[in-house]
Student: 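I'd like to ask some things about the structure below.
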Number of protein chains: 2
Amino acid sequence: MPHDDAKLVSLNCGDCPIRHRAVCARCETDELEELERIKYYRSFEAGQTVIWAGDQMDFVASVVSGIATLTQTLEDGRTQMVGLLLPSDFVGRPGRSRAAYNVIATTDILMCCFRRKPFEDMMEHTPHIAQRLLQMTLDELDAAREWMLLLGRKTAREKIASLLSIVARRNASIQMRASERDMTFDLPLTREAMADYLGLTLETVSRQMSALKRDGVIELQGKRHVRVPDMDRLLLEAGDDSDGGFII
Amino acid sequence: MPHDDAKLVSLNCGDCPIRHRAVCARCETDELEELERIKYYRSFEAGQTVIWAGDQMDFVASVVSGIATLTQTLEDGRTQMVGLLLPSDFVGRPGRSRAAYNVIATTDILMCCFRRKPFEDMMEHTPHIAQRLLQMTLDELDAAREWMLLLGRKTAREKIASLLSIVARRNASIQMRASERDMTFDLPLTREAMADYLGLTLETVSRQMSALKRDGVIELQGKRHVRVPDMDRLLLEAGDDSDGGFII
DNA sequence: CTCTGGGCTTGATCTGGGTCAAATTCTGTC
DNA sequence: GACAGAATTTGACCCAGATCAAGCCCAGAG
């Protein structure tokens with residue numbers, strides 16, 4: 001049986017062409033050679049936009065390398081980022097969906113694609129894959145709901161602090177320094193992208209970044225390099241509640 | 001193989017106790033008698049709040065009857081609704097999650113619960129169940145993302161129009177009158193609940209309802225009964241784009 | 001029939017964040 | 001090492017929606 005923290009991951013196994021494998025992130029063993037047979041690759045340049053119309057796509061894909069964003073727009077141009085696609089994240093789905101998203105490549109992207117029908121057929125007799133996709137999707141749903149709280153009820157300053165702490169936390173898990181109070185990282189987003197993520201304008205983002213800097217919550221070296229002297233302070237600014245919650 | 005539109009539904013099969021079944025919405029046949037063996041019921045009164053702490057719950061549940069809302073709050077009391085739970089909707093998940101939600105009963109609720117471990121075990125060898133849960137979760141994710149666009153980028157008037165058209169559409173599918181331009185329905189939410197859903201205050205909700213009424217977009221009989229003379233007009237007000245999107 | 005309280009509306013005023021505009025870095029690149 | 005263009009900052013001003021405060025409507029209780 002799969003581990004709780006198992007993920008469907010993309011791994012660069014040495015030289016090109018990069019191999020896509022379904023592995024358990026913990027035990028590191030291949031589980032499904034079958035994926036190998038139905039996959040192909042597709043790359044996109046930084047800045048390129050792909051309109052991902054759910055029910056018209058005949059494939060699903062997973063990011064192998066690079067960063068992309070998932071956005072929705074109104075016809076007058078207002079745009080809202082609704083997801084960040086990092087290596088190993090999936091886009092597209094087994095099943096129908098009317099929703100259409102813009103997938104915008106922030107960097108050059110390599111995607112591993114699976115033709116939909118074979119992928120769905122495969123899921124039929126390999127419950128592990130279905131369960132992992134379910135777990136990944138549930139995690140995304142949790143993240144989306146937390147973001148709804150941010151979009152609906154947080155102030156501009158809290159929004160910025162929340163975004164920074166999320167980026168910091170992600171870096172922390174990479175650096176294995178989650179317990180450190182002092183953190184340093186690079187922002188992978190422009191001010192405009194941050195604004196689209198947070199439901200703000202880029203001017204407001206800039207102003208609040210300046211305010212947080214003035215108040216000593218963050219330090220900036222250049223525009224993108226951020227140092228947080230005290231993570232607890234930042235989390236406080238983000239307004240996230242930390243109480244555990246009771247059981248019924 | 002399961003149909004695309006298959007759902008895991010709760011059905012009231014005549015007398016109490018209500019039976020929970022996993023059926024295909026299209027072919028109407030039972031697929032999994034096994035669910036019967038691990039389920040039990042639990043009811044909640046209107047107004048009751050349950051703190052649903054993902055990783056501490058030892059069961060998952062599905063709404064059999066009644067309406068509940070899923071909300072998140074900041075410690076100072078600001079609250080944001082992040083989902084609506086209607087009959088057949090699931091809450092809780094097979095797998096771990098740190099997220100905690102408040103489940104607030106809008107009406108009296110009957111829930112069908114499954115103890116987590118047996119439910120997860122069952123998923124292992126019944127791929128249909130896993131696939132349906134995945135499909136349901138993906139649909140919820142689409143809805144959450146559409147809501148993020150609303151929360152982040154729509155004006156108060158557009159938010160109200162969007163909510164009304166969603167409620168109208170849901171009623172339409174029940175009444176089988178999707179093609180009608182003229183629609184009538186009851187709002188299942190108080191002004192305050194609408195506000196929490198839309199990231200607004202109840203005063204703004206009230207004002208915008210009055211404005212839509214004044215402009216002839218809707219008619220009100222009493223506070224909760226709404227008539228929409230022209231759905232197209234309402235959809236226009238909601239600002240949703242209708243263009244199909246291209247394929248890459 | 002009146003009282004009460006919750007849901008709702010409406011008005012007056014305030015303000016956070018949007019809008020518009022200009023100045024100031026940064027990043028190349030020739 | 002200067003020029004071009006994009007990213008960012010900062011300022012001035014404005015407005016949509018929040019806040020504060022009355023008052024209204026109506027269903028249920030007595």
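Lettering follows sequence order; numbering is per chain, from 1.
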Student: Side chains of A:Thr79 and A:Asp196 only: does a donor on one sit below 3.5 Å from an acceptor on the other?
Tutor: yes

Student: Can you see which heavy atom on A:Asp186 is nearest to which on A:Val167, and at what distance?
Tutor: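 It is O-CG1, 4.2 Å.
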
Student: When the distance from CG of A:Leu187 to P of D:dA7 is rounded to whole Å, what number comes out?
Tutor: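 Going from CG in A:Leu187 over to P in D:dA7 covers 15 Å.
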
Student: Considering only heavy atoms of chain B and a distance under 4.0 Å, specify the first and last nucleotide of DNA chain C in 5' to 3' order that meet this criterion.
Tutor: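 Endpoints of the contacted stretch of DNA chain C: C:dC8 to C:dA12.
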
Student: Can you sort out which residues in residues 202-210 of chain B have a heavy atom within less than 4.0 Å of DNA chain C? Ascending by number, please.
Tutor: B:Glu203, B:Ser206, B:Arg207, B:Ser210

Student: In whole Å, what is the span from the NZ atom of B:Lys154 to the P atom of D:dG17?
Tutor: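 Atom-to-atom, B:Lys154 to D:dG17, this comes out as 13 Å.
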
Student: Within the supplied structure, the quantity of interest is the number of heavy atoms (other residues, nucleotides, ligands) at a distance under 6.0 Å from B:Gln48 CD; does it exceed 12?
Tutor: yes

Student: Take A:Arg153 and A:Lys223, find for each the nucleotide of DNA chain D with the closest heavy atom, and name the residue whose nucleotide sits nearer the 5' end.
Tutor: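 It is A:Lys223, whose closest nucleotide lies nearer the 5' terminus.
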
Student: Anything under 30° is parallel, anything over 60° is perpendicular, the rest tilted; go ahead and classify B:Phe59 against B:Tyr40.
Tutor: perpendicular

Student: Are the charged groups of B:Arg233 and B:Glu237 less than 4.0 angstrom apart, N to O?
Tutor: yes

Student: Let me know the distance between CG of B:Leu151 and P of D:dG17, rounded to the nearest Å.
Tutor: 13 Å

Student: So if I apply the side-chain contact (heavy atoms from CB on, under 4.5 Å) rule between B:Leu164 and each of B:Ile218, B:Leu235, B:Val228, which one comes out positive?
Tutor: B:Ile218

Student: OP1 or OP2 of D:dT8 sitting under 4.0 Å from any side-chain N/O of A:Arg224?
Tutor: yes

Student: Could you tell me whether the phosphate oxygens of D:dA18, OP1 or OP2, come under 4.0 Å of any side-chain nitrogen or oxygen in B:Thr201?
Tutor: yes

Student: Tell me what B:Thr190 touches on the nucleic acid: a base, only sugar-phosphate, or nothing, going by heavy atoms under 4.0 Å.
Tutor: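 Sugar-phosphate, no base atom in range.
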
Student: Are the side chains of B:Arg157 and B:Asp215 in contact, using a 4.5 Å heavy-atom criterion?
Tutor: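 B:Asp215 vs B:Arg157: side chains touch.
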
Student: For residues B:Phe90 and B:Thr137, determine if any side-chain heavy atom of one lies less than 4.5 Å from a side-chain heavy atom of the other.
Tutor: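 Side-chain contact under 4.5 Å: no.
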
